[in-house]
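Treat the numbers as computed from the prediction; the structure is a model and nothing was measured.
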Amino acid sequence: MVTLSPSRPSCGRAAPCPQLQVLRGKQVTTHSRAEVAERVRAYARGLLGLLDALDEPDGKIAVLLVNSVEMAELDLACLTSGIVDVMIP
């Protein structure tokens, strides 16, 4: 299961606040805001480049992926770059 942390979680100053957490059984993997933001920007650049190369003026895509961190990050990349996406889990 992938969860998004609230925009203002109650985190201490010593530890960075997680943006995404992946739960597999009892194991929790966290991804920091900086890590997520870097990957989201990279996905957005790649998607915009692909749409430009394909001469797709409307900027619409469909994504077929399992529920994962990558799916959430691709969705965020689309939302922040004006791409209309349909996520197909």
### Pairwise side chain to side chain donor-acceptor pair (under 3.5 Å) hits with a residue in residues 73-89, at least two apart
R39-E73
### Query
Tracing side-chain links under 4.5 Å among I, L, V, M, F, W and Y, which residues wind up in one group with I88?
L64, V86
### Task
If you link ILVMFWY side chains whenever their heavy atoms are less than 4.5 Å apart, which other residues fall into the same cluster as L50? By chain and number, please.
L54
### Message
Taking salt bridge (Lys or Arg N to Asp or Glu O under 4.0 Å) as the cut-off, I'd like each qualifying pair that reaches into residues 55-64, sequence neighbours left out, listed once.
### Response
none
### Query
Taking ILVMFWY side chains as joined if any heavy atoms are under 4.5 angstrom apart, and letting links pass through other members, which residues group with L74?
Y43, L47, L48, L51, I61, V63, L65, M71, I83, M87
#### Entry: Q27 side-chain N/O to R24 backbone N/O, donor-acceptor pair under 3.5 Å
no
### Task
Quick one: list whatever passes side chain to side chain donor-acceptor pair (under 3.5 Å) with E38, sequence neighbours left out.
none
